[in-house]
Asker: 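Please see the structure below; I have some questions.
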Amino acid sequence: MLSENLEAIRGVGKTRREQLNKLGVETVEDLLCYMPRTYHDLTDLRTVREMEAGTPWFGVLTVLTTPKVQYVKRNFSLIRVKAGDETGNVYLCWYNQPYMAQNLTEGESYYIYGKPEYYRGEIRLNSLMVEKLSEGEGARLLPVYRSTKGLSQGVFRKLLKNTFERYGDALTFPLPEDFTNKYRLLPLEDAYYGAHFPVDHTQKDESIRTISFFEVLLLKTFLARSKAMEEGKAVSLNLGQAAHDAFLAQLAFTPTGAQQRAMAAIRGGIQSTAPYEALLQGDVGSGKTVVAFYALYAAVLGGTQGALMAPTEILCRQHYESAKKFFEPFNIKVGMIVSGMRKKERDALLKQVETGEVQILIGTHAMIQKDVQFHELGLAVADEQHRFGVRQRAVLQQKGRAPHFIVMSATPIPRTLALIVYGDLDIIVMDELPGGRRPIRTHLVPTHKEEGLLGFITGQAELGNRIYYVCPLIEEGESEQVSVKAAYERLSHQLPNVKMAMLHGRMAQKDKEAVMEAFSTGDVQMLVSTTVIEVGIDVKTATVMVIDGADRFGLAQLHQLRGRVGRGDQQSYCFLLNRSKSEAPRLMDFCSTTDGFAIARMDLKNRGPGALLGQWQSGKGDLFFMNFAMDAHLLEDVLTAYDDIFIKNRYGEELQLRLIARAKNKYRSLLNEITLN
Ligand code: ADP
Ligand code: MG
């Protein structure tokens with residue numbers, strides 16, 4: 001029933017179905033579970049007098065003129081309609097949406113939502129949403145859906161009403177009464193209805209809480225692997241004291257306290273015959289690589305193989321180069337696998353991996369391909385784990401009987417969320433940077449000071465230092481000035497004495513490598529690049545990071561980029577070029593701290609939890625529970641509930657099986673998409 005095609009719904013024909021498909025809605029169930037993006041509070045209407053430029057406004061306005069489409073240019077149309085209430089008049093504007101003229105009638109009143117702006121002495125409302133007053137009858141909250149051209153909010157609601165009448169009850173998922181009481185849950189079908197058609201805030205909030213709880217419980221059910229079944233399967237890795245000391249002796253530096261604690265935790269954990277799993281969280285530059293090497297070393301000395309997976313090829317090669325050098329004195333053979341290798345070379349490598357001759361394999365996602373077989377994979381590490389999907393990790397894990405597993409990330413993840421996404425795992429926090437580092441100085445550069453910045457860059461280049469110049473785009477789009485190609489063009493003229501090169505993802509791999517190589521030797525002093533350099537790259541003489549169009553990046557990403565400099569003992573700098581005024585406060589916050597954990601919290605505040613749980617954008621739209629991912633209480637509750645059901649077996653096997661079935665059904669297709677951002 002729920003999996004029925006949309007055309008089974010009254011009022012849905014081919015056109016509607018196609019519109020809904022565009023939103024990722026394929027089935028009846030998808031539609032019923034398609035959650036509002038937000039709600040308009042009909043009890044909190046504003047007047048024209050209360051409008052503030054730049055602040056979203058919601059209220060009731062009467063249309064005062066006949067809506068007409070004006071063609072300003074051949075491809076540019078404008079609708080400008082006067083509307084007002086008893087406190088004043090404004091203009092409603094639509095650009096290139098001629099069909100909107102039919103949706104408005106002179107003399108009628110509408111709910112209007114938009115952002116007021118001053119334009120040539122008048123107040124204009126742009127990016128509007130318009131609703132007939134009748135839509136709000138009897139309701140206090142009006143849900144707003146992410147929609148697509150031709151599918152109005154009113155139509156959306158009508159469709160949902162129809163669909164609920166006929167199919168709503170099928171959403172039910174019976175739960176034991178003491179369970180729903182304990183966790184304060186509504187019947188699921190009521191919760192969905194209440195989220196779409198709430199009478200008040202309380203009903204909306206409780207409905208959303210129930211849905212979130214249920215979704216997270218299903219996710220946890222889906223991702224949880226039975227630890228008990230793997231007990232005794234992992235190889236116990238005992239790193240003796242002499243071997244431990246030999247590792248440390250090989251390092252060019254003394255490990256920080258945090259690194260030592262991390263190594264100790266891992267050394268202890270991997271002695272177990274149940275697979276040890278840990279999330280190693282350490283800010284950019286905290287020195288996670290060494291800890292990864294330590295774990296790989298322990299795997300090899302324990303007679304097994306180690307694997308290290310990196311999210312980009314550049315990072316992978318860098319790890320490979322340093323691992324090869326580092327492990328050489330130990331006589332440990334390191335191999336590398338990336339995509340696009342020559343067949344002969346690849347076959348030879350795979351053979352060595354299979355026989356165990358290659359003891360440490362470093363690779364990109366090419367490592368998880370089917371034909372990569374290990375002799376005995378004892379331990380795997382995923383670097384910058386937030387870049388990998390859950391599936392990739394699962395596949396890598398299946399390459400051994402039950403390898404110990406360490407995931408590393410510079411993005412702090414709340415404990416509860418980690419427990420849900422990764423299952424039961426050890427969380428190791430490295431909260432210390434190697435000594436002698438000077439904090440990077442970060443500045444927001446106003447347009448009139450850009451020339452000064454160019455002078456500074458020249459100065460640094462003369463000192464033999466390297467400069468990164470990062471842009472958000474590769475090529476110029478319509479009105480973009482912040483592309484790699486445009487910046488390169490401009491800067492080559494402005495800085496004739498600085499040797500520069502471009503680097504971006506559309507270049508051939510060997511060109512990218514050549515450029516990186518030239519950058520580390522100094523043949524190239526300045527790299528004009530996209531964010532391909534974002535993760536993990538380590539060039540110690542790089543002292544300047546310029547980020548053009550900084551407003552387009554999230555703070556966590558800016559932090560990653562900034563972490564590319566300040567890796568040696570020289571003072572380093574990060575300059576932000578802001579191209580959008582409204583982003584200034586956020587960027588100022590960023591300039592004020594170098595603490596990655598504080599920055600992650602700011603990001604959460606600014607962008608919401610979506611910043612944290614990234615790419616859920618499969619066709620099905622954002623996972624709704626993301627909005628609650630930061631609700632630690634809810635997550636705790638889910639973990640307890642999961643324990644009650646699956647570990648303590650309080651409610652019997654029938655419920656377990658039903659949950660597993662529903663979870664599989666819901667998440668199977670999403671598995672690829674699950675990554676942490
Ligand atoms: P991240 O945690 O961001 O992956 P890396 O492992 O790339 O950090 O380390 C950053 C830099 O710091 C590297 O150049 C590394 O050699 C150096 N480093 C790591 N640990 C120490 C230490 N204890 N003392 C001095 N330098 C260190
Ligand atoms: Mg790293």
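Along the sequence shown, residues are numbered consecutively beginning with 1. Because only heavy atoms are used, hydrogens play no part in the values below, and waters and symmetry mates are left out as well, while side chains stay in. This is a predicted model, so every value here is computed, not measured. Ligands are counted one by one from 1 in listed order, and the atoms in each one are counted from 1 as well.
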Asker: Which of the numbered atoms in ligand 1 are under 4.0 angstrom from any heavy atom belonging to Asp538?
Answerer: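 That gives atoms 13 (C), 14 (O) of ligand 1.
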
Asker: Give, for atom NE2 of His559 and atom SG of Cys574, the distance between the pair rounded to the nearest 0.5 Å.
Answerer: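 Here the rounded value is 10.5 Å.
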
Asker: For ligand 1, which atoms, with element, lie under 4.0 Å from some heavy atom of Thr289?
Answerer: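 Near Thr289, meaning under 4.0 Å from one of its heavy atoms, ligand 1 has 4 (O), 5 (P), 6 (O), 7 (O).
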
Asker: Between Gln359 and Lys333, is there a donor-acceptor pair closer than 3.5 Å when you use the side chain of the first and the backbone of the second?
Answerer: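 Yes: the side chain of Gln359 pairs with the backbone of Lys333.
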
Asker: Just to verify, which of Ile360, Leu379, Leu296, Val353 counts as forming a side-chain contact (heavy atoms from CB on, under 4.5 Å) with Gln305?
Answerer: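 Of the listed residues Ile360, Leu379, Leu296, Val353, the side-chain contact (heavy atoms from CB on, under 4.5 Å) partner of Gln305 is Val353.
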
Asker: Under the side chain to side chain donor-acceptor pair (under 3.5 Å) rule, collect the residues that match up with Gln369, sequence neighbours excluded.
Answerer: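 Residues passing side chain to side chain donor-acceptor pair (under 3.5 Å) with Gln369: Arg346.
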
Asker: Can you confirm whether the side chains of Thr543 and Gln570 place a donor and an acceptor under 3.5 Å from each other?
Answerer: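 Gln570 and Thr543 do not have a side-chain donor-acceptor pair below 3.5 Å.
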
Asker: Is it the side chain, the backbone, both or neither of Asp383 that has a heavy atom closer than 4.0 Å to ligand 1?
Answerer: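 Within the 4.0 Å criterion, Asp383 makes no contact with ligand 1.
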
Asker: Test of understanding: given a 4.0 Å heavy-atom threshold, classify the contact between Gln259 and ligand 1 as side chain, backbone, both, or neither.
Answerer: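 For Gln259, only side-chain atoms sit under 4.0 Å from ligand 1.
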
Asker: Check Met408 against ligand 1 and report side chain, backbone, both or neither, counting heavy atoms closer than 4.0 Å.
Answerer: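 None of Met408 does.
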
Asker: I'd like to know whether ligand 1 has Val291 as a neighbour, heavy-atom separation below 4.0 Å.
Answerer: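 No, Val291 has no heavy atom closer than 4.0 Å to ligand 1.
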
Asker: I'd like to check the salt bridge (Lys or Arg N to Asp or Glu O under 4.0 Å) partners of Asp523; sequence neighbours left out, ordered by chain and number.
Answerer: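 Here no residue qualifies.
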
Asker: Against heavy atoms of Pro434, which atoms of ligand 1 measure under 4.0 Å?
Answerer: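 That gives atoms 20 (N), 21 (C), 22 (C), 24 (N), 25 (C), 26 (N), 27 (C) of ligand 1.
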
Asker: May I ask you to check whether Tyr297 and Phe326 place their ring centers less than 6.0 Å from one another?
Answerer: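 No - the distance between ring centres of Tyr297 and Phe326 does not fall below the 6.0 Å cut-off.
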
Asker: With atom 7 (O) of ligand 1 as the reference point, say which of Lys288, Arg567, Lys540 has the nearest heavy atom.
Answerer: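 Answer by nearest heavy atom: Arg567.
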
Asker: Where on Thr256 is there a heavy atom closer than 4.0 Å to ligand 1, on the side chain, on the backbone, on both, or on neither?
Answerer: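 For Thr256, backbone and side-chain atoms both sit under 4.0 Å from ligand 1.
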
Asker: Considering both backbone and side-chain atoms of Gly285, is one of its nitrogen or oxygen atoms within less than 3.5 Å of a nitrogen or oxygen in ligand 1?
Answerer: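 Yes, Gly285 has an N/O under 3.5 Å of an N/O on ligand 1.
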
Asker: With heavy atoms of Asp283 as the reference, note each atom of ligand 1 found under 4.0 Å away.
Answerer: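 Answer for ligand 1: 2 (O).
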
Asker: Side chain or backbone of Ser286 under 4.0 Å from ligand 1, or both, or neither, by non-hydrogen atoms?
Answerer: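 It is both parts that get close, each with some atom under 4.0 Å.
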
Asker: With heavy-atom distances below 4.0 Å as the criterion, list the atoms of ligand 1 near Val284.
Answerer: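 Answer for ligand 1: 3 (O).
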
Asker: Given Ala252, Gly287, Ala258, identify the one with the heavy atom nearest to atom 8 (O) of ligand 1.
Answerer: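 Shortest heavy-atom distance from atom 8 (O) of ligand 1: Gly287.
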
Asker: Verify side-chain contact (heavy atoms from CB on, under 4.5 Å) between Ile547 and Met545, making sure each step is shown before the conclusion.
Answerer: CA-CA 6 Å; Ile547 305 170; Met545 167 64 66; 3.9 Å; yes

Asker: Test Val528 against every option in Leu491, Leu503, Ile467 by the side-chain contact (heavy atoms from CB on, under 4.5 Å) rule and name the one that passes.
Answerer: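 Testing Val528 for a side-chain contact (heavy atoms from CB on, under 4.5 Å) against Leu491, Leu503, Ile467 leaves exactly one candidate, Leu491.
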
Asker: Need the ligand 1 atom indices (1-based, order shown) with element for anything under 4.0 Å from a heavy-atom of Pro255.
Answerer: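 Answer, ordered by atom number: 23 (N).
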
Asker: Counting distance only, does the side-chain N/O of Gln352 pair as donor-acceptor with the main-chain N or O of Val358 below 3.5 Å?
Answerer: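 It does not hold such a pair.
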
